[in-house]
Structure formats: C-alpha cells, structure tokens
Amino acid sequence: MNPISGMPDFSTQPLDDCFRTAMTEATDPDAAAQDLARQLLHPHLGCVLFFCSAEYPLDQLATALDQHFGGVMLLGCTTAGEISAAGYGRGCISAVGLDLRTFAVDCTLIRGLESFSLVEAQQAVERMLGHCRQVNLAPVKDHTFALTLLDGLSSREELVLNTLSAALGSIPHFGGSAGDDNHLSHTHVYYQGRFVTGAAVVVMVNTWLDFEVFTTHHLKPTDSKLVVTDADSSTRTVLELNAEPAAEEYARLVGVPVDELSGKHFALDALAVRIRDQFYVRSIQRVNPDRSLTFYCAVDTGIVLTAMTPGELLPNLRLRFEQLRQRLGEPVLILGCDCFLRRMESELRGEDKRMSEFLAANRVIGFNTYGEQFNGMHINQTFTGVAFAFPR
C-alpha cells in the first residue's frame with residue numbers, strides 16, 4: 001500500500017496478481033471444470049467470469065464448477081462463440097479470474113425481467129456499492145463499473161437496462177446477451193451454482209486499476225431508408241416496412257429473393273436507427289413464415305431504419321484500441337462482448353483468422369453475443385467492453 005495515496009503500490013504488481021486467464025476445450029464437464037480450476041485457483045482468487053458453449057450439458061457443468069471452485073464467486077453465461085487468450089474459440093470455455101486484492105466484486109440475479117422495478121434496481125445497486133465501500137480497495141467514484149450478462153432470447157434487455165441505468169447514474173455499464181451457438185433456442189446465465197434462463201446477472205466491479213468502458217462498430221449509413229409501418233414491439237417483430245411485408249421489402253433492398261435471405265445478409269446488410277447523431281444497429285434475427293422479420297433489438301411502429309454498409313472490420317477495431325492506449329496506456333486485459341454477426345462477417349470475408357490473432361495479441365477475453373449493452377443502451381453488431389491498465 002502506498003503510504004501517501006492510500007492506494008495499492010502497483011509499481012511492482014505482477015500481472016498474474018490482477019488477472020489469470022484460462023481456456024479449456026475438454027468436452028466432459030468434470031474434466032473441463034477441473035482444467036479451469038487448475039489454471040485459475042490461487043489463494044487470492046476472488047471471482048471468476050466464464051463464457052461457455054451451450055453445447056455442454058449445463059446441469060452437469062454447473063455441478064462440476066461448484067465442486068472444483070469451492071466458495072469462489074463464479075459468474076458467467078452461454079455464448080455464440082468464445083474469445084480466449086488464444087483468440088476465437090468454438091465449443092470451449094473461456095474464463096478470467098479476478099484477484100481480490102485488485103477487484104472488489106458483488107453481484108445480483110434479476111429473475112423477473114419483465115417486472116424489474118426502479119426500486120429493486122436501486123436496492124441492488126446500493127447493496128453492491130455498499131460491499132465495494134466496505135472492501136475499500138478504491139473510491140467508488142471513477143473506480144467502479146457494472147457488467148450485465150442477460151438472457152439473449154428474453155426480449156427484455158431494453159426494459160432491464162433502462163431501469164438499471166437510472167439506478168446506476170454516472171457509473172459506466174456494459175455487457176452482453178447470452179447466446180446458444182446460433183440455435184436460437186435456450187440461452188443461460190450462471191449464478192450461484194446454476195444455469196438459469198429468463199434472467200440477468202448484474203456484476204458490480206470496483207478496482208484501483210485504470211479502466212475505460214467503450215463501444216465501437218464499423219458500419220456506415222447509406223441513403224436508403226425503411227419506415228416501420230407495422231410492428232409488434234413486445235416480440236420485436238416488424239410486420240411491414242414501407243407498407244409492404246417486411247421480409248419482401250428488406251429482400252428488395254439487398255437484392256435477393258425472400259427465400260434466400262439468411263444470416264449472411266443480416267450480417268452484411270444491417271439496419272440501424274438514428275438517435276441524435278449516432279446510428280445504433282437493429283440486427284435481424286430471422287425471417288418468419290408470414291414474411292415478417294424478428295429483430296434482436298427493440299423495434300416499434302414509426303421508427304425509420306437506415307440501411308448500413310460495412311466499413312473495414314479489423315481497421316476499425318485497431319483504431320479503437322489505439323485510442324484506448326493513448327488514454328490509458330497499454331491495456332493489461334480487455335473484457336469484450338463481440339456480436340456474433342461481426343464474427344460471422346469476418347468468417348464470410350475470410351478475415352476470421354486475422355481477427356482472432358488480433359484479439360489474442362490484445363489480451364481480449366470474452367464472448368460472441370446476441371446483443372451488447374452500453375450505458376443503458378441495447379445495441380447490435382458492436383464490439384463493446386472494458387479495457388484495464390495499470391495507473392500511470
């Protein structure tokens with residue numbers, strides 16, 4: 001501890017004393033949990049964040065993790081792809097262990113997403129902040145952020161995030177929506193030894209490290225506009241665009257027959273809503289039999305969707321990371337929520353190997369999401385996260 005500042009003496013702090021990262025490709029749940037524990041367990045381990053393929057038998061994996069990590073706080077979710085110290089992964093588990101001498105962490109499970117109230121949010125935030133104050137690693141102001149892992153098929157992200165954002169105030173907040181390897185069937189978050197659906201995990205993190213919560217995307221607006229003339233906002237389904245069946249109008253925009261629409265088009269021909277001077281992508285999830293379109297983000301009758309065209313995926317991310325370096329110094333870790341449609345685009349363009357190598361070189365740990373969260377906004381087709389660096 002620095003006797004002048006009262007803060008930890010980070011001048012000689014080894015990197016492993018702040019973070020340890022782990023990855024396992026073991027398919028047996030017990031072997032996977034044991035492998036992660038071997039890589040992460042140490043006397044000062046305070047919390048583990050993990051991101052796992054939905055292909056694992058989740059009940060067995062939950063039991064194994066609980067057994068091998070004992071009383072360590074474990075929080076996580078299923079994914080649409082993993083990001084480990086080796087870059088992009090599939091069918092594996094990526095994890096990061098947080099040292100309790102560097103991080104004070106508390107968490108809350110939100111069960112009834114549709115009825116989550118401001119009072120509940122305020123109580124949860126105050127309780128978690130109380131824990132951070134009690135640990136007393138660093139002042140709450142400017143040293144605290146929140147991470148949310150949310151059921152990616154709940155269609156309740158906007159409601160939860162708006163409520164949570166009001167309670168968090170100036171505390172920065174980011175997160176990702178859980179995936180299920182693109183099956184669009186069941187997504188899960190992990191809390192206190194169990195995988196659960198229809199829920200969200202809110203994680204409050206206080207640290208003496210410098211950090212920055214950020215978001216970026218590479219998509220650029222075009223002059224083409226589509227007006228949502230009929231929508232069911234409760235299911236995020238657009239029935240009509242420009243007073244025509246939604247799928248037909250979108251297919252006309254991208255120049256293919258409706259029957260040929262696929263994830264490829266949703267990744268490369270995105271739509272976005274403009275809020276002030278920023279464009280926020282509203283990614284299409286699927287085409288329905290009635291030729292309506294279901295989205296991953298909120299849609300409503302009357303909004304105007306702008307057709308977006310991809311810029312350069314890797315150069316955009318490289319520029320954003322360089323901007324982080326200029327402000328923070330060299331990041332020691334980046335926790336990243338990378339939309340699965342970005343990964344799909346990189347695969348379609350043959351850039352996935354370069355992207356994977358870039359993520360590994362920049363110490364990114366995280367997962368491919370069904371949606372990202374940034375300061376109360378639910379967004380799509382972004383790379384959103386938090387970068388950590390030693391104080392200068």
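Everything numeric in this text was worked out from a predicted model, so none of it was measured.
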Can you tell me how far apart CD1 (I284) and CG (N380) are? Round to the nearest 0.5 Å.
10.5 Å
With the threshold set at 4.0 Å, does a side-chain nitrogen-carboxylate oxygen contact exist between R127 and D106?
yes
Worked check of side-chain contact (heavy atoms from CB on, under 4.5 Å) between N206 and F103:
CA-CA 6 Å; N206 176 255; F103 297 93; over 6 Å; no
Could you tell me whether R354 and E347 have a side-chain N and a carboxylate O separated by less than 4.0 Å?
no
Can you name the nearest heavy-atom pair linking L36 to A22, along with the distance?
CD2-CB, 3.9 Å
Hey, is E126 close enough to R133 for a salt bridge, meaning N to O under 4.0 Å?
yes
Quick one, C92 and M23 - any side-chain contact, counting heavy atoms below 4.5 Å?
yes
Is D232 atom CG crowded by more than 12 heavy atoms from other residues, nucleotides or ligands, each under 6.0 Å away?
yes
Below 4.5 Å, heavy atoms only, C-beta onward: do F50 and F367 meet side chain to side chain?
no
Tell me whether the NZ or CZ atom of R282 lies within the 45° cone about the ring axis of Y296 and under 6.0 Å from its centre.
no
Reference residue V96; test side chain to side chain contact (heavy atoms under 4.5 Å, CB included); the match among L333, L40, V48
L333
Is any side-chain heavy atom of V228 less than 4.5 Å from a side-chain heavy atom of L241?
yes
Ion pair check, R236 and E157, cut-off under 4.0 Å
yes
Is there a donor-acceptor pair closer than 3.5 Å between any side-chain N or O of N288 and the backbone N or O of D290?
no
Begin with the C-alpha distance, continue with both residues' side-chain angles, and end with the deciding distance and a verdict on side-chain contact (heavy atoms from CB on, under 4.5 Å) for E158 and C297.
CA-CA 8 Å; E158 286 83 9; C297 257; 4.0 Å; yes
Checking side-chain contact (heavy atoms from CB on, under 4.5 Å) for the pair L226/L271: CA distance, chi angles, key distance, verdict?
CA-CA 9 Å; L226 298 173; L271 303 174; 4.0 Å; yes
Side chain to side chain contact (heavy atoms under 4.5 Å, CB included) with I334: which of V364, I365, V386, I83?
V364
Counting neighbours of CD on E25 that are heavy atoms of other residues, nucleotides or ligands and sit closer than 6.0 Å, is the number greater than 12?
no
Search all heavy atoms of G198 against all heavy atoms of D151 and return the closest pair with its distance.
N-OD2, 2.5 Å
Would you please say whether a donor-acceptor pair under 3.5 Å links the side chains of D181 and S53?
yes
So, taking the atom named CG in L150 and the one named OG1 in T369, what distance separates them when rounded to the nearest 0.5 Å?
11.0 Å
For the NZ atom on K225, are there more than 12 heavy atoms of other groups (residues, nucleotides or ligands in this structure) within a distance under 6.0 Å?
yes
Would you call T235 and T294 a side-chain contact if the rule is heavy atoms closer than 4.5 Å?
no
Do F174 and F374 have ring centres separated by under 6.0 Å?
no
Would you call W208 and P391 a side-chain contact if the rule is heavy atoms closer than 4.5 Å?
yes
Between E345 and H218, a side-chain donor and acceptor under 3.5 Å
yes
Do F388 and D210 pass the side-chain contact (heavy atoms from CB on, under 4.5 Å) test, and can you show the C-alpha distance, the side-chain angles, and the key distance before you say yes or no?
CA-CA 6 Å; F388 300 95; D210 285 347; over 6 Å; no
So if you build clusters from Ile, Leu, Val, Met, Phe, Trp, Tyr with side-chain heavy-atom gaps below 4.5 Å, do L219 and I379 land together?
no
Would you check if T108 and M128 make a side-chain contact, meaning some heavy-atom pair closer than 4.5 Å?
yes
So, D352 and S346: side-chain donor and acceptor under 3.5 Å apart, yes or no?
no
Count the heavy atoms belonging to other residues, nucleotides or ligands that lie under 6.0 Å from CZ of R320, then report whether that count exceeds 12.
yes
For residues Y280 and M377, determine if any side-chain heavy atom of one lies less than 4.5 Å from a side-chain heavy atom of the other.
yes
Polar contact flag, side-chain donor to acceptor under 3.5 angstrom, T215-T384
yes
Mind checking the CG-OH spacing from L261 to Y250? Nearest 0.5 Å is all I need.
6.5 Å
With a 4.5 Å heavy-atom cut-off, do H68 and D30 have their side chains touching?
yes
Carboxylate-amine/guanidinium contact E330 R325, below 4.0 Å:
yes
Electrostatic pair E357-K353, nearest N-O below 4.0 angstrom
yes
Does a donor on one side chain sit under 3.5 Å from an acceptor on the other, for H188 and D180?
no
Establish whether F69 and Y190 are linked, either directly or via other cluster members, by ILVMFWY side-chain heavy-atom contacts under 4.5 Å.
yes
Residue pair R349 / L268: nearest heavy atoms and the distance that separates them
NH2-CD2, 3.6 Å
